[in-house]
Protein chains: 2
Amino acid sequence: MSIQRCCPPKRVIKADYSEDAALFQALADENRLAIVASLAQADGEICVCDFTDCLPLNQPTVSHHLRILRESGLVTSERRGTWVYYSLAPDAKRRLQQSLRAIFEGDE
Amino acid sequence: MSIQRCCPPKRVIKADYSEDAALFQALADENRLAIVASLAQADGEICVCDFTDCLPLNQPTVSHHLRILRESGLVTSERRGTWVYYSLAPDAKRRLQQSLRAIFEGDE
DNA sequence: TTGTAATATCGAAATATGTCGATACAGCGG
DNA sequence: CCGCTGTATCGACATATTTCGATATTACAA
């Protein structure tokens, strides 16, 4: 009698999803989502001071979240004088949709 | 002389993104992404034993990740006999796309 | 009922993350 | 140069996460 298998051998994918995971990790915080949504819907840049004014976080914490978003490549920053302005990266939405496609449809 | 503002007052959004953040957090791990991608591309159920066989993780760790995905609602499970089979939730992709839209376009 | 296999849960360890106060840095005005 | 304001970094703390070994649970078979 042959060994019983629980199921026909399914392909468990062995691709490297670490970059996609890093992207989703950047979005895995409600305050960072509020920042990204504000940038997307403002359709332009927003000054750091507006985030520190409006978010329920202290200034170093806002700076910390902005750094994580900046390092993920989803947002960019530009200093003008004393102020620093953040914008959504032009390809932010496309990169996220691409990651979703990679997961759900196997695109790369 | 009036107080100088760094910029015209931009709307920093105060919506509650905690549910979207939870969804992205479920995807913020490369092993969980591999699980979701396998389920999506298998277009059907996959037995836990296949994950424990193929992922570079021990069995309790696989079970832990499956639980996180199950609790996020992105996957479902069904026991048949000794084995447990996991499937992608039918609305998984739609929920994620909806979250992306909520962030980038302000839909709710 | 007793044993075996598959999966889940528990408890602990290491690491990562979110948060903040204190401080450093950068740019501007005097 | 000095002081002020906006932003970033540092250090510390609490909490969360990932991982695993040990153990419990579930279902089946003898």
Side-chain angles (χ1 to χ4, degrees), chain A residues 1-10 12 17-18 21-36 45-72 75-87, chain B residues 1-10 12 17-18 21-36 45-72 75-87:
Chain A
M1 195 193 304
S2 66
I3 301 290
Q4 187 185 357
R5 287 282 298 157
C6 60
C7 48
K10 295 280 185 179
V12 172
Y17 289 105
S18 52
L23 214 51
F24 290 124
Q25 180 142 311
L27 298 186
D29 178 279
E30 57 180 330
N31 293 302
R32 289 199 291 273
L33 281 189
I35 291 173
V36 172
E45 54 193 17
I46 294 183
C47 181
V48 173
C49 64
D50 286 322
F51 293 123
T52 55
D53 284 354
C54 300
L55 292 178
L57 301 169
N58 286 19
Q59 180 268 324
T61 307
V62 171
S63 203
H64 167 74
H65 287 304
L66 288 170
R67 187 226 273 254
I68 287 177
L69 289 172
R70 192 171 2 102
E71 289 179 346
S72 78
V75 311
T76 59
S77 66
E78 183 192 341
R79 177 181 281 270
R80 284 204 300 278
T82 312
W83 296 287
V84 177
Y85 298 86
Y86 278 77
S87 304
Chain B
M1 195 195 300
S2 65
I3 301 290
Q4 186 184 358
R5 288 281 297 156
C6 60
C7 47
K10 295 279 184 178
V12 172
Y17 289 105
S18 53
L23 213 52
F24 290 124
Q25 178 138 308
L27 299 185
D29 178 280
E30 57 180 329
N31 294 302
R32 289 198 292 272
L33 280 189
I35 291 173
V36 172
E45 53 193 16
I46 295 183
C47 180
V48 172
C49 65
D50 286 323
F51 293 122
T52 55
D53 284 354
C54 299
L55 293 177
L57 301 169
N58 285 18
Q59 180 267 324
T61 307
V62 171
S63 201
H64 166 75
H65 287 303
L66 288 170
R67 187 226 273 253
I68 288 178
L69 289 172
R70 195 173 359 104
E71 289 178 345
S72 78
V75 310
T76 59
S77 66
E78 182 191 342
R79 176 181 282 271
R80 283 205 300 280
T82 313
W83 297 287
V84 177
Y85 298 85
Y86 278 77
S87 304

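The figures here come from the full heavy-atom set of this structure, side chains too, leaving out hydrogens, waters and symmetry mates. Order of the sequence lines sets the chain letters (A, B, ...), proteins ahead of strands, with each chain counted from 1. Predicted model only: the values in this text are computed from it and were never measured.
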Trainee: Would you check if B:Thr52 and B:Ser63 make a side-chain contact, meaning some heavy-atom pair closer than 4.5 Å?
Mentor: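 Side chain of B:Thr52 against side chain of B:Ser63, heavy atoms only: no contact under 4.5 Å found.
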Trainee: Select one nucleotide: of D:dT9, C:dT7, D:dA8, the one nearest the side-chain heavy atoms of B:Cys47.
Mentor: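 That would be C:dT7.
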Trainee: For B:Tyr17 and C:dG18, what is the distance between atoms OH and C1' respectively, to the nearest whole Å?
Mentor: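 Going from B:Tyr17 (OH) to C:dG18 (C1'), I get 20 Å.
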Trainee: Check whether any side-chain N or O of B:Ser63 sits under 4.0 Å from OP1 or OP2 of C:dT7, and answer yes or no.
Mentor: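 Answer is no, no contact under 4.0 Å.
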Trainee: So B:Arg32, base contact, sugar-phosphate only, or nothing? Heavy-atom distance under 4.0 Å.
Mentor: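 The residue B:Arg32 makes sugar-phosphate contact but no base contact.
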Trainee: Relative to the 5' end of DNA chain C, which residue comes earlier, A:Leu57 or A:Gln25, by the nucleotide with the nearest heavy atom?
Mentor: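 With A:Leu57 and A:Gln25 compared, the 5'-side residue is A:Gln25.
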Trainee: Counting only side-chain nitrogens and oxygens, does A:Asn31 get under 4.0 Å of the OP1 or OP2 atom of C:dT19?
Mentor: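 Result: yes.
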Trainee: A:Ile68 or B:Val84: which one's nearest nucleotide on DNA chain C is closer to the 5' end?
Mentor: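 Whichever sits nearer the 5' end wins; that is B:Val84.
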Trainee: Pick base, sugar-phosphate or nothing for A:His65, based on heavy-atom distances below 4.0 Å to the nucleic acid.
Mentor: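 Sugar-phosphate, no base atom in range.
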Trainee: Under 6.0 Å from the six-membered ring centre of B:Tyr85 and within 45° of its axis: does the NZ or CZ of B:Arg80 meet both?
Mentor: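 So B:Arg80 does make the cation-pi contact.
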Trainee: Less than 4.0 angstrom between a side-chain N/O of A:Arg79 and OP1 or OP2 of C:dA26, yes or no?
Mentor: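 No, no such contact exists.
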Trainee: What is the separation between atom CZ on B:Arg70 and atom P on C:dT7, rounded to the nearest whole Å?
Mentor: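 In whole Å, C:dT7 P lies 12 Å from B:Arg70 CZ.
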Trainee: Could a donor-acceptor pair under 3.5 angstrom be found where the side chain of B:Gln59 meets the base of C:dA6?
Mentor: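 Such a pair does not exist between side chain and base.
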Trainee: How long is the line joining CZ of A:Arg80 and C1' of C:dC28, in whole Å?
Mentor: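 These atoms are roughly 16 Å apart.
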Trainee: When rounded to the nearest 0.5 angstrom, what distance separates CZ in A:Arg67 from NE2 in A:His64?
Mentor: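 The CZ atom of A:Arg67 sits 8.5 Å away from the NE2 atom of A:His64.
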Trainee: How many whole angstroms separate atom CD of A:Glu78 from atom C1' of D:dG6?
Mentor: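 So the CD-C1' distance, A:Glu78 to D:dG6, works out to 16 Å.
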Trainee: Quick one: is D:dT5 close enough that its OP1 or OP2 comes under 4.0 Å of any side-chain N or O from A:Thr82?
Mentor: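 No.
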Trainee: So if I take every side-chain heavy atom of A:Cys49 and compare against D:dC20, C:dG18, D:dT7, which nucleotide ends up nearest?
Mentor: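 Of the candidates, D:dT7 comes closest.
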Trainee: With heavy atoms under 4.0 Å as the rule, sort A:Tyr86 into base, sugar-phosphate or nothing.
Mentor: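 Sugar-phosphate only.
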Trainee: With heavy-atom distances below 4.5 Å as the criterion, would you say the side chains of B:Val12 and A:Leu55 are in contact?
Mentor: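 Side chain of B:Val12 against side chain of A:Leu55, heavy atoms only: contact under 4.5 Å found.
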Trainee: Rounding to a whole Å, what distance do you find between B:Tyr85:OH and C:dA6:P?
Mentor: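 Atom-to-atom, B:Tyr85 to C:dA6, this comes out as 11 Å.
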Trainee: Give the rounded distance in Å between these two atoms: CH2 of A:Trp83 and P of D:dT7.
Mentor: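 Taking CH2 of A:Trp83 and P of D:dT7, I get 8 Å after rounding.
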Trainee: Between P on D:dC20 and CG on B:Leu55, what's the gap in Å once rounded to a whole number?
Mentor: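 Atom-to-atom, B:Leu55 to D:dC20, this comes out as 11 Å.
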Trainee: Whole-Å distance between C:dA12 P and B:Asn58 CG?
Mentor: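 Those two atoms, CG and P, are 19 Å apart.
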Trainee: Would a distance-only check, ignoring hydrogens and angles, find a side-chain to backbone donor-acceptor pair under 3.5 Å from B:Arg32 to A:Ala21?
Mentor: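 Checked: no pair found.
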